[in-house]
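Chain letters run A, B, ... following the sequence lines, proteins first, then strands; residues in each count from 1.
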There are 2 protein chains.
Amino acid sequence: MGKVNIKSIAAALNLSPATVSRALNDSYEIKDETKERVLAYAAEHNYRPNPFARHLKTGKTNLIGVVIPFLSSPFFLEFIDELYKAVLPQHYTLIPFQTQNCEKMEKEALDFLTSQNVAGIIVSPAHENSNTKLLQHIHHHTCPIILFDRTQHCLDTYKIGIHNSLETYNATEELIKKGRTKIAFLCGKDIGNTKDRIRGYKNALHNYAIPFREEYVIHADYQDPTENIESELIAVFKKLQEKDNMPNAIVGGTDTLSIKILGVLAALNLAVPQDVAVIGFTNTNLANYLNPALSTIRQPTQKMAQLALELLLELIDKKQDRRDMLYENFLLEATTIYRKSTEIA
Amino acid sequence: MGKVNIKSIAAALNLSPATVSRALNDSYEIKDETKERVLAYAAEHNYRPNPFARHLKTGKTNLIGVVIPFLSSPFFLEFIDELYKAVLPQHYTLIPFQTQNCEKMEKEALDFLTSQNVAGIIVSPAHENSNTKLLQHIHHHTCPIILFDRTQHCLDTYKIGIHNSLETYNATEELIKKGRTKIAFLCGKDIGNTKDRIRGYKNALHNYAIPFREEYVIHADYQDPTENIESELIAVFKKLQEKDNMPNAIVGGTDTLSIKILGVLAALNLAVPQDVAVIGFTNTNLANYLNPALSTIRQPTQKMAQLALELLLELIDKKQDRRDMLYENFLLEATTIYRKSTEIA
DNA sequence: TTGTAAGCGTTATCAC
DNA sequence: GTGATAACGCTTACAA
């Protein structure tokens, strides 16, 4: 297979490699006729520039790294999917990585991406302050970084998220208004948003003069969304039942837990929403078909993805020093959809 | 930022670039002491080889392309997720692409991947014979390709799938044994597996002397799994109702439709499984929490991903001509999980 | 055991 | 307008 490259094109057309390169890059110096000849020949022979040679020379790539905790979490999946759609008309390629909420894996992903000379990176950090120095160094010296979802991270750059405390405040308030006072809050380990979401939950309780109970903030420890955490949750709720403290409403503070809580309550023979009303924080379209249909707080993944890409491309294009910029913190609006799981008679 | 590269390391240690390169690659020619010095310095200065330079020289990369129809389809998502897990201990990086079942997008993905010099590609083709020539050319001359899921594609290589007709045969048979005879089959457009799955369905009917009805094979046309196809399906079933031909059981032949059918039946005020029993072909863990819990045929995504990677790496390593090889067609076993949606009293 | 030098395919800087 | 030529960072004969 005679490889077709700039040199072979040049030889075939009696031109120099330099001229061919300029013609292919539509340089103003080259006369139209030559350009046409080159482009025609290139098209005919299905010429594709070698990105490695080009990038070696220019130091630039059209790659965009995406670093997320999990692909198997509905929110991140939707986000990635929207990012793919947004990037389609652009001339960039996504390289997604999962960190499993693990700082070390995140570091590996970031190292790999920088070694690939990516043009920019979109990140939802593994932890509130994971890889701070590395992220800072990359953002300042290597390529721009945009943060999304877990925007509590201290890296100074554009951040895209939602108003977490407001959303859980509203969800909690809704349950209170429906007459429920024993409201539990379900959350994973300390991953960024958790604090804000708990704060909204607490504030709602406070504003309605409902005493806050530590035992109603239920922390579930899981490494992976596909992990079987149901049994652990069942145990927790059983204990509450024994103490006659079973909540009659639950706010699910994460994607993963929101989905699984229905199974847990079913296993405990508790009826939703009669015994326990539930509102989840998740982006799965299946919420409508769950048993019962689950009320959910949905994040605007499409807008988030589009904005993330837009801001990233903006930073990629402008060459200014990214240390002294003024970055905006975008708080987009989530949408709460009320379904059967909160329909209290 | 003084970039650290082989030259700078060589200068710092009073060695030649060649020696440094060999030391970094653990060449047998270099004495241990030198290796240690080089490795220590490299580690200390956080040296990362420039992959573009390396690949420009060697013509090899550690990239693996993955081409799937959709990320938002539970089966493909699980597959990709398992692939990520499988590739973790290896020294390879995944570059996933979605084709949206569109041959043109598939071609673009393949072109891009070959231009990136990927070491190999794992593909579930957009259509039964999409990009046949291109795939063949790549497999023979550029890098190995493994096919999965849609293994009807004629490219001669390792293929990994399940016994589609057998699985739908069993599912259909199960419904028949439970006394249902008006069994519909729900499928998307002609994407590879559909034919086989319909065949299994037909065979089961045949073996139990149940006449096959063309109108019970319901083709739903969707471009994207997130598309709202419910209304179209509702219309189809309404027509059947009007003719008093409403099926009392449904076999869902694709991921996407299997999930959505419950919503459709709910909208039609049909009780599952009393009025209509349903068994779906899908890999979502949420099946258990759906309303009602959905019986499903699950594909062994983990085994599929592991096997795909294993076979691909095998082909990457052995340099033999891939045209004259004897390729196996792996048909793995799916698992059917029976839940409420088929529990007929 | 190490050094020298050529070359991978492209682009940029000159020169003509 | 076009052509030489050098250079990007790395690997690999071939020399020493």
Side-chain angles (χ1 to χ4, degrees), chain A residues 1-39 41-42 45-63 91 112 114-119 142, chain B residues 1-39 41-42 45-63 91 111-112 114-119 142-143:
Chain A
M1 296 293 103
K3 298 248 169 159
V4 41
N5 54 30
I6 284 197
K7 214 193 269 181
S8 73
I9 297 179
L13 299 182
N14 261 322
L15 292 168
S16 78
T19 305
V20 174
S21 171
R22 281 184 280 235
L24 289 169
N25 290 301
D26 202 21
S27 161
Y28 66 97
E29 305 167 298
I30 305 296
K31 76 176 168 195
D32 288 353
E33 188 209 320
T34 310
K35 278 186 193 172
E36 282 162 24
R37 280 210 301 151
V38 171
L39 291 177
Y41 185 94
H45 291 72
N46 195 27
Y47 166 75
R48 314 219 83 208
N50 181 323
F52 297 93
R54 169 179 286 169
H55 299 154
L56 178 57
K57 186 64 186 167
T58 63
K60 287 177 189 173
T61 70
N62 296 315
L63 305 174
H91 226 195
F112 177 83
T114 51
S115 84
Q116 291 285 325
N117 273 322
V118 292
T142 315
Chain B
M1 296 293 101
K3 298 247 169 154
V4 41
N5 54 30
I6 282 196
K7 215 194 270 181
S8 72
I9 297 179
L13 300 181
N14 261 323
L15 292 169
S16 78
T19 305
V20 173
S21 170
R22 282 184 279 237
L24 289 169
N25 290 304
D26 201 24
S27 160
Y28 66 96
E29 306 166 298
I30 305 296
K31 76 174 169 195
D32 288 352
E33 188 209 321
T34 310
K35 278 186 193 172
E36 281 163 23
R37 280 210 303 150
V38 171
L39 291 177
Y41 185 94
H45 292 72
N46 196 26
Y47 166 75
R48 314 220 80 206
N50 180 324
F52 298 94
R54 169 179 284 168
H55 301 154
L56 179 56
K57 185 64 187 166
T58 63
K60 287 180 191 172
T61 70
N62 296 316
L63 305 174
H91 226 197
D111 282 346
F112 177 85
T114 50
S115 84
Q116 291 285 323
N117 272 323
V118 292
T142 313
C143 69

Check: Closest heavy-atom contact between B/S8 and B/Y41?
Finding: O-OH, 4.5 Å
Margin query: Heavy atoms within less than 4.0 Å of DNA chain D: which residues of residues 24-33 of chain A have one? Give them sorted by number.
Written below: A/E29, A/I30, A/K31
Next item on the list: Look up atom CG in B/D26 and atom CG in B/D32, then write down how far apart they are to the nearest 0.5 Å.
Entry: 8.5 Å
Next item on the list: Check B/A23 against B/L39 and note the closest heavy-atom contact, atom names and distance.
Entry: O-CD2, 4.5 Å
Item checked: Pairwise side-chain contact, B/Q116 with B/T61, heavy-atom cut-off 4.5 Å (strictly under) -> no
Next item on the list: Considering non-hydrogen atoms only, spot the tightest contact between B/A10 and B/S16 and give its length.
Entry: CB-C, 3.7 Å
Notebook entry, point to check: Between D/dG3 atom C1' and A/I6 atom CD1, what is the distance in whole Å?
Noted result: 14 Å
Check: With side chains defined as the heavy atoms from C-beta onward, is the minimum distance between A/V4 and A/N46 less than 4.5 Å?
Finding: no
Checklist line | Distance, rounded to the nearest Å, where A/N50 contributes CG and C/dC8 contributes P | finding: 12 Å
Notebook entry, point to check: Atom CD1 of B/I9 to atom P of C/dG3: distance rounded to whole Å?
Noted result: 14 Å
Check: Quick one: does B/K35's side chain have a donor or acceptor within less than 3.5 Å of a partner on B/R22's backbone?
Finding: no
Notebook entry, point to check: Can you find a heavy atom in the side chain of A/V38 that is under 4.5 Å from one in the side chain of A/L15?
Noted result: yes
Next item on the list: Provide the closest heavy-atom pair for A/R54 versus A/N25 in the form atom of the first, atom of the second, distance.
Entry: NH2-OD1, 3.9 Å
Notebook entry, point to check: How many Å lie between NZ on B/K7 and P on C/dA5, as a whole number?
Noted result: 14 Å
Check: Quick one: bend of the helix from C/dT1-D/dA16 to C/dC16-D/dG1 from 5 pairs per end, to 10°?
Finding: 40°
Note to self: From the set D/dA7, D/dG9, D/dG3, return the single nucleotide nearest to any side-chain atom of A/K57.
What the structure shows: D/dA7
Note to self: Looking at B/Y47, I'd like to know whether one of its side-chain N or O atoms comes within less than 4.0 Å of OP1 or OP2 on D/dC10.
What the structure shows: yes
Next item on the list: Name the orientation class of the two ring planes belonging to A/H55 and B/F52 (parallel below 30°, tilted from 30 to 60°, perpendicular beyond 60°).
Entry: perpendicular
Margin query: Evaluate A/N5 against A/N50 for side-chain contact (heavy atoms from CB on, under 4.5 Å), listing each step before the verdict.
Written below: CA-CA 8 Å; A/N5 54 30; A/N50 181 323; over 6 Å; no
Next item on the list: For the side chain of B/L56, starting at C-beta, report the closest nucleotide among C/dG3, C/dT10, D/dG9.
Entry: D/dG9
Margin query: Is it the case that the base of D/dG3 and the side chain of A/R22 share a donor-acceptor contact (distance under 3.5 Å, atom types as modelled)?
Written below: yes
Notebook entry, point to check: Does OP1 or OP2 of C/dT11 have a side-chain N or O of A/R54 closer than 4.0 Å?
Noted result: yes
Notebook entry, point to check: What nucleotide among D/dG9, C/dG9, C/dG3 has an atom nearest to a side-chain atom of B/T19?
Noted result: C/dG3
Next item on the list: Please list residues of residues 10-18 of chain B whose heavy atoms come under 4.0 Å from any atom in DNA chain D, ordered by number; otherwise none.
Entry: B/A18
Margin query: Rounded to whole Å, how long is the line connecting atom CG of B/N117 with atom P of C/dC8?
Written below: 15 Å
Notebook entry, point to check: Start at the 5' end of DNA chain D and walk down; is the nucleotide closest to B/T58 or to A/T34 reached first?
Noted result: A/T34
